[in-house]
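In what follows, every chain begins at residue 1, and chains take the letters A, B, ... in the order their sequences are listed. The analysis underlying the following values was restricted to heavy atoms, covering all of them including side chains, and did not include hydrogens, waters or symmetry mates. Bear in mind the structure is a predicted one, so any value in this text is a computation, not a measurement.
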2 protein chains.
Amino acid sequence: MPLPQTEAPGRLQSELMSRGLRMTHQRRTILTVVETAKQHLDAAQILRQARRLDPGIDRVTVYRTLSLLKRHGLIDELDLMHMQGEKHFYERRPQRDHIHMACLRCGKIAEFESDLFDRLKGQIQRECRFHIVVSRLEVGGYCAECRASN
Amino acid sequence: MPLPQTEAPGRLQSELMSRGLRMTHQRRTILTVVETAKQHLDAAQILRQARRLDPGIDRVTVYRTLSLLKRHGLIDELDLMHMQGEKHFYERRPQRDHIHMACLRCGKIAEFESDLFDRLKGQIQRECRFHIVVSRLEVGGYCAECRASN
DNA sequence: CTTAAGTTGAAACCCAGTTGCAATAGATTA
DNA sequence: TAATCTATTGCAACTGGGTTTCAACTTAAG
Ligand SMILES: [Mn+2]
Ligand SMILES: [Mn+2]
Ligand SMILES: [Zn+2]
Ligand SMILES: [Zn+2]
């Protein structure tokens, strides 16, 4: 069952519309999936979720929409240490960047915001005269639980 | 022409041998390539270089050796923002971690060591009780030259 | 030298992501 | 509202980076 077009646009959607991009039914669906995701989703998961709202949607449209969102800086692409396969994960770009920690034993992903991280980016921009558009800090290791139960 | 086996072993090589791993001719060749690389190389580049020393070497052996080195923490795997294709790049793990900056316009890769980065990792280990095994900070943006000539 | 386990190359395979193209659907204009 | 123009879509074929399988071959130990 297609989404009603009366649906209130989310932030991603209004962001794209304000940039003069065509708002298609498929895009609206994919944006909704990304916007309401509770964890980091890969392209296949996004496709599956999107198909529950609009069964006709094709995976190529998911990939195209993800690149569009990436190009516009509205989502971030993550590797999450490529713990199984080479796929990438996506999340709405947050107001403030965060770090991703991937446990190499249990696979759990944790997030962490840090003032030190913000300062580090500031240092890079100043000392390297490098204008940062996107940044990704991912660490792999062992979480507290996995270290305990060992 | 195969490398003479009298060749003095590099750090990677002696590290692997000290861990009781079999030192084959192919591994020696690949280790030499990685060890003497002047830039970040992807698997295909490593294969090409290795074949110049030992033409019979197969790409599957390159991939297997790279995973071996990764598993032993002797090399780091980088995305470098996946600026063309989905390939990965490799470098010998340095004594001190560094940050990679990829210019989205000219493609240049710069490296940067920072005390703030070391402190940030310390903070993560302490405050998140997360034992870091590997860390990767990559930023994409615009280098000084590209910002000037625009 | 013999032996046993680890490693190799070749070929087939896998999977995430991309490309080409004709049909379709947004947005704009009249 | 209808015509128009152009961006977007779905499908199918394709690409590229990396992996699996397995028989033949090395390596290191004894
Ligand atoms: Mn990657
Ligand atoms: Mn996140
Ligand atoms: Zn864990
Ligand atoms: Zn540049």
Side-chain angles (χ1 to χ4, degrees), chain A residues 2-3 5 7 9 13-14 16-31 33 40-51 53-72 75 77-90, chain B residues 2-3 5 9 13-14 16-31 33 40-48 50-51 53-72 75 77-90:
Chain A
L3 289 171
Q5 46 245 86
E7 198 209 4
Q13 198 177 133
S14 34
L16 275 190
M17 287 172 74
S18 79
R19 294 174 199 217
L21 284 154
R22 264 184 212 189
M23 193 44 55
T24 64
H25 179 71
Q26 292 91 327
R27 279 183 184 167
R28 242 191 303 271
T29 305
I30 294 166
L31 298 196
V33 169
H40 307 99
L41 301 178
D42 62 37
Q45 293 173 307
I46 293 170
L47 175 62
R48 243 176 289 124
Q49 291 265 64
R51 283 228 230 242
L53 302 168
D54 173 359
I57 223 161
D58 193 83
R59 73 205 190 89
V60 81
T61 302
V62 169
Y63 281 114
R64 288 195 276 231
T65 303
L66 288 173
S67 347
L68 181 77
L69 292 168
K70 244 191 294 174
R71 271 202 309 286
H72 285 264
I75 57 172
E77 185 177 68
L78 310 171
D79 275 45
L80 302 183
M81 301 320 280
H82 284 312
M83 292 201 292
Q84 55 114 347
E86 301 281 272
K87 60 189 161 213
H88 292 107
F89 295 85
Y90 300 89
Chain B
L3 290 170
Q5 48 246 83
Q13 197 178 133
S14 34
L16 274 191
M17 286 170 75
S18 79
R19 293 175 200 216
L21 285 154
R22 270 188 206 185
M23 194 43 54
T24 64
H25 178 70
Q26 292 90 327
R27 279 184 184 167
R28 242 191 304 270
T29 305
I30 294 166
L31 298 196
V33 169
H40 306 100
L41 302 178
D42 62 40
Q45 292 173 308
I46 293 170
L47 174 62
R48 244 177 287 125
R51 283 227 229 242
L53 302 168
D54 173 358
I57 224 161
D58 194 83
R59 75 205 189 90
V60 81
T61 301
V62 170
Y63 281 114
R64 288 195 276 230
T65 304
L66 289 173
S67 348
L68 181 76
L69 292 168
K70 243 191 293 174
R71 271 200 311 284
H72 285 264
I75 57 171
E77 186 178 68
L78 310 171
D79 275 44
L80 302 183
M81 300 321 280
H82 283 312
M83 292 202 293
Q84 56 115 348
E86 301 281 273
K87 61 188 160 215
H88 292 108
F89 295 85
Y90 301 90

Atom CD1 of I46(A) and atom P of dA16(C) are separated, to the nearest Å, by 13 Å

ring-ring contact (aromatic ring centres under 6.0 Å, His included) partners of H72(B), counting only residues at least two apart = none

Double-helix bend of the helix from dC1(C)-dG30(D) to dA30(C)-dT1(D), axes at both ends from 5 pairs, round to 10°, gives 40°

Quick one, give me the B/S/- string for nucleotides 24-30 of chain D, reading 5' to 3', where B means a protein heavy atom under 4.0 Å from the base and S means that only happens at the primed atoms, P, OP1 or OP2.
-> --BBS--

Give the minimum heavy-atom separation between F89(B) and H40(B), together with the two atoms involved.
-> CD2-O, 3.7 Å

Please tabulate, for side-chain N and O atoms in residues 77-84 of chain B, each donor-acceptor pair with protein atoms closer than 3.5 Å (sequence neighbours left out).
from   : atom 1 : to      : atom 2 : distance (Å)
E77(B) : OE2    : K70(B)  : NZ     : 3.1
E77(B) : OE2    : Y90(B)  : OH     : 3.0
D79(B) : OD1    : R136(B) : NH2    : 2.7
D79(B) : OD2    : R136(A) : NH2    : 3.1
D79(B) : OD2    : H82(B)  : NE2    : 2.5
H82(B) : ND1    : K87(B)  : O      : 3.4
H82(B) : NE2    : H88(A)  : NE2    : 3.2

How long is the span from the CG atom in D58(B) to the CZ atom in R64(B), to the nearest 0.5 Å?
-> 7.5 Å

Treat primed atoms plus P, OP1 and OP2 as sugar-phosphate and everything else as base, then score nucleotides 19-24 of chain C 5' to 3': B for base contact with protein heavy atoms under 4.0 Å, S for sugar-phosphate contact only, - for none.
-> BB----

Under the side-chain contact (heavy atoms from CB on, under 4.5 Å) test, which residues partner R71(A), sequence neighbours left out?
-> S67(A), L68(A)

Would I46(B) and T65(B) satisfy side chain to side chain contact (heavy atoms under 4.5 Å, CB included), going step by step from the backbone distance to the final call?
-> CA-CA 11 Å; I46(B) 293 170; T65(B) 304; over 6 Å; no

Using a heavy-atom cut-off of under 4.0 Å over every strand shown, decide if A44(B) touches base, sugar-phosphate, or nothing.
-> nothing

Do the side chain of R59(B) and the base of dG9(C) come within less than 3.5 angstrom through a donor-acceptor pair of N or O atoms?
-> no

In whole angstroms, how far is the P atom of dG6(C) from the CZ atom of R27(B)?
-> 11 Å

Heavy-atom pair with the smallest gap, counting every atom of I57(B) and A50(B) = CG2-CB, 4.1 Å

CZ of R59(A) to CZ of R51(A), rounded to nearest 0.5 Å, is 9.5 Å

dist L31(A):CG -> M23(A):CE (nearest 0.5 Å) comes out at 5.5 Å

Does OP1 or OP2 of dT19(D) have a side-chain N or O of Y63(B) closer than 4.0 Å?
-> no

Would you tell me if any nitrogen or oxygen in the side chain of H88(A) comes within less than 4.0 Å of OP1 or OP2 on dG17(C)?
-> yes

By side-chain contact (heavy atoms from CB on, under 4.5 Å), T24(B) pairs with (sequence neighbours left out) Q26(B), R27(B)

Proximity to DNA chain C (any heavy atom under 4.0 Å), residues of residues 78-87 of chain A only = K87(A)

For the pair made of CZ in R48(A) and C1' in dA16(C), what is the distance, rounded to whole Å?
-> 14 Å

What's the CG-C1' distance between D58(B) and dA12(C), to the nearest Å?
-> 13 Å

Please state how far atom CG in L47(A) lies from atom C1' in dT9(D), giving the value in whole angstrom units.
-> 14 Å

Considering the options L53(B), V62(B), L47(B), which one meets the side chain to side chain contact (heavy atoms under 4.5 Å, CB included) requirement together with I30(B)?
-> V62(B)

D54(B) CG to dT7(C) C1', straight-line distance once rounded to whole Å = 14 Å

